[in-house]
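In what follows, chains are A, B, ... by sequence order, proteins preceding strands, each numbered from 1. None of these values were measured; they are calculated from a predicted model.
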There are 2 protein chains.
Amino acid sequence: MATIAVENYLKHALLLAERSPDGLVPMGELATAMEVVPGTATTMVKALADSGLVLHEPRRGLRLTAAGRRVALNVLRKHRLVETFLVNVLEMDWAQVHAEAEQLEHAISDAVLDRLDALLGHPATDPHGDPIPSVEGTLNSAVYATLATCATEISLRVVRVTDQSADFLTFAEAHGLRPGAVAHVVDRNLPAGLVTLRRPRGKPFALSLAAAGRIWVAPNEAG
Amino acid sequence: MATIAVENYLKHALLLAERSPDGLVPMGELATAMEVVPGTATTMVKALADSGLVLHEPRRGLRLTAAGRRVALNVLRKHRLVETFLVNVLEMDWAQVHAEAEQLEHAISDAVLDRLDALLGHPATDPHGDPIPSVEGTLNSAVYATLATCATEISLRVVRVTDQSADFLTFAEAHGLRPGAVAHVVDRNLPAGLVTLRRPRGKPFALSLAAAGRIWVAPNEAG
DNA sequence: GGATAGATTTTGACAATTCAAAATAAAGCC
DNA sequence: GGCTTTATTTTGAATTGTCAAAATCTATCC
Ligand SMILES: [Mn+2]
Ligand SMILES: [Mn+2]
Ligand SMILES: [Mn+2]
Ligand SMILES: [Mn+2]
């Protein structure tokens with residue numbers, strides 16, 4: 001059985017590898033994600049390489065092996081199904097559940113995972129719109145436009161909020177920016193770094209380009 | 001924050017202290033419960049004593065302090081509420097849930113605990129009839145008769161099954177011996193070490209005195 | 001009252017995970 | 001090409017939790 005530390009390293013390696021064209025994860029990025037000093041990441045990556053869970057390319061970075069990816073996807077599936085459970089069944093605040101899931105993802109057995117999945121009706125995404133890996137180990141990695149990059153003056157549907165910080169999620173929630181919400185970009189002022197939004201029957205409000213970039217959107221078919 | 005190991009030691013210390021008249025837990029019993037060699041228990045108990053969670057009486061045993069008891073009750077509450085959730089909501093096998101709760105009890109925050117408690121309707125006992133400590137830290141330690149000691153030929157209600165092993169629980173379940181079930185002792189043969197039971201509309205069946213001692217019963221008021 | 005058996009403690013060691021700080025490699029810049 | 005900056009690795013040490021085996025108590029039994 002993978003230890004909690006091993007599960008966390010592999011999960012973060014997967015998330016970073018997904019955002020990298022060639023799947024190579026620099027050591028420093030992993031260390032930052034894990035909130036450890038670089039030397040600690042090096043030590044752990046070497047141990048993971050010895051267990052066949054990653055490939056270590058010295059001074060370049062690391063890659064998940066098939067075995068490592070399998071473990072990482074299982075942990076990520078647990079994380080996101082737990083978040084969905086905490087929000088949909090226990091009615092917890094979506095800004096809080098990431099921290100809870102960070103612990104629970106290591107304590108849930110595959111048997112409990114299956115029951116949770118059934119209870120929730122086999123959801124495809126978690127409360128933030130993050131895709132839930134399937135039991136078979138496939139992960140929907142579709143990329144969308146964001147409020148920082150999408151067309152203006154057309155109706156949009158929020159599909160994903162890619163920031164786990166409680167502050168940001170509370171802000172998003174306060175403005176109704178949850179997956180499924182409808183909105184459109186009224187104006188984008190690049191020099192000022194501002195995006196102005198409006199939701200149906202709502203007042204226009206502004207957010208920074210950086211914040212807008214964390215909200216993924218699709219054209220609103222029904223809009 | 002107490003580590004997982006510390007939480008487990010304190011929880012087992014509490015369970016052993018509850019079954020001891022003066023609250024003194026011999027080192028060997030703790031070591032056996034924790035499945036470690038005696039020296040390991042000594043080392044840990046000294047560390048717990050340094051943190052003010054137990055009192056170490058060398059060569060005699062240990063006692064929980066108020067602080068240690070508080071932590072232990074919180075872990076036990078998590079354990080038993082999780083078991084209840086797994087059986088009542090996720091519909092898992094009551095023989096399986098102890099092992100699952102053994103992990104989950106360390107991953108559940110107090111916030112999640114509160115929500116679970118509300119979802120379950122503030123239960124007083126878990127699926128095995130084990131009392132769930134209250135938020136305030138009280139633990140119902142009522143002692144009942146067992147099938148090995150109770151009167152014969154009167155209607156009984158099962159109130160508790162005090163064995164966490166999956167094998168025993170599966171056996172009990174197969175004979176309908178869950179808390180709430182009604183049965184009576186047909187015969188008790190001490191030399192043979194056998195107790196013969198019968199459930200309403202069921203065939204008589206036998207079990208050992210040792211097994212019978214793990215099933216707690218009360219007179220069946222409605223019987 | 002001393003030998004003995006059983007429980008407990010001590011000692012020395014190891015695995016896992018981490019940090020601080022020094023050493024090294026790579027990449028980019030005159 | 002040598003110099004500088006930055007990322008990575010190495011080294012030495014600490015912490016937590018564990019075991020094996022030796023040492024030490026303590027209660028009990030002639
Ligand atoms: Mn985690
Ligand atoms: Mn999420
Ligand atoms: Mn446990
Ligand atoms: Mn129980």
Using salt bridge (charged side-chain N to carboxylate O under 4.0 Å, His left out) as the criterion, list what pairs up with [X], not counting sequence neighbours.
| X | answer |
| --- | --- |
| B:Arg63 | B:Glu57 |
| B:Asp110 | B:Lys78 |
| A:Glu18 | A:Arg69 |
| B:Lys11 | B:Glu102, B:Glu105 |

- prompt: Taking any atom under 4.0 angstrom from a heavy atom of chain B, which nucleotides of DNA chain D are the first and last to qualify, 5' to 3'?
  reply: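 Range of nucleotides within reach of chain B: D:dG17 to D:dC25.
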Any protein N or O atoms within reach of nucleotides 23-27 of chain C? Criterion: under 3.5 Å, listing atom names and distances.
from	atom 1	to	atom 2	distance (Å)
C:dT24	O2	A:Arg59	NH1	3.2
C:dT24	O2	A:Arg59	NH2	3.4

Start with the C-alpha distance between B:Asp126 and B:Phe85, add both sets of side-chain angles, then the distance that settles side chain to side chain contact (heavy atoms under 4.5 Å, CB included), and finish with yes or no. CA-CA 9 Å; B:Asp126 79 5; B:Phe85 166 75; over 6 Å; no
Quick one: which residue pairs count as a side chain to side chain donor-acceptor pair (under 3.5 Å) with a foot in residues 36-48 of chain A, not counting sequence neighbours?
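Every candidate side chain to side chain donor-acceptor pair (under 3.5 Å) pair involving residues 36-48 of chain A fails, so no pair, neighbours aside, qualifies.
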**Message:** Between A:Arg178 (side chain only) and A:Glu173 (backbone N and O only), is there a donor and an acceptor less than 3.5 Å apart?
**Reply:**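 No, because the side chain of A:Arg178 does not come within donor-acceptor range (under 3.5 Å) of the backbone of A:Glu173.
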(Q) Donor-acceptor pair, distance only, cut-off 3.5 Å: does the side chain of A:Trp216 make one with the backbone of A:Val143? (A)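 Checked: no pair found.
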- Item | Partner residues of A:Thr152 under the side chain to side chain donor-acceptor pair (under 3.5 Å) criterion, sequence neighbours left out |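 Counting only residues at least two positions away or on another chain, A:Thr152 forms no side chain to side chain donor-acceptor pair (under 3.5 Å).
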Who passes side chain to side chain donor-acceptor pair (under 3.5 Å) against A:Arg115, sequence neighbours left out?
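Partners of A:Arg115 by the side chain to side chain donor-acceptor pair (under 3.5 Å) criterion come out as none, since no residue qualifies.
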### Message
Looking at B:Tyr144, I'd like to know if the NZ or CZ of B:Arg160 sits under 6.0 Å from its six-membered ring centre while staying within 45 degrees of the ring's axis.
### Response
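Checked: cation-pi criterion not met.
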May I ask you to say what B:Thr3 touches in the nucleic acid, namely base, sugar-phosphate or nothing, with a heavy-atom cut-off under 4.0 Å?
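If one applies the 4.0 Å heavy-atom cut-off, B:Thr3 turns out to touch the sugar-phosphate alone, with no base involved.
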Under 3.5 Å, which protein N or O atoms sit close to an N or O of nucleotides 12-14 of chain C? Give each pair with its distance.
none

Round to the nearest Å and state the distance from B:Leu62 atom CG to C:dT9 atom C1'.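 Computing the B:Leu62:CG to C:dT9:C1' distance gives 14 Å.
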Taking only residues two or more places apart in sequence, or in another chain, which ones meet A:Ser109 in a side chain to side chain contact (heavy atoms under 4.5 Å, CB included)?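 If we apply the side chain to side chain contact (heavy atoms under 4.5 Å, CB included) test to A:Ser109, skipping adjacent residues, the hits are A:Ala111, A:Val112, B:Glu100.
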Of residues 7-37 of chain B, the positions that come close to DNA chain C - non-hydrogen atoms, cut-off under 4.0 Å =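 Residues of residues 7-37 of chain B that come under 4.0 Å of DNA chain C are, in numerical order, B:Pro26, B:Met27, B:Gly28.
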- Might you work through the ring-ring contact (aromatic ring centres under 6.0 Å, His included) test for A:His98 and A:His79, ending with a clear yes or no? CA-CA 8 Å; A:His98 178 77; A:His79 184 105; 4.7 Å; yes
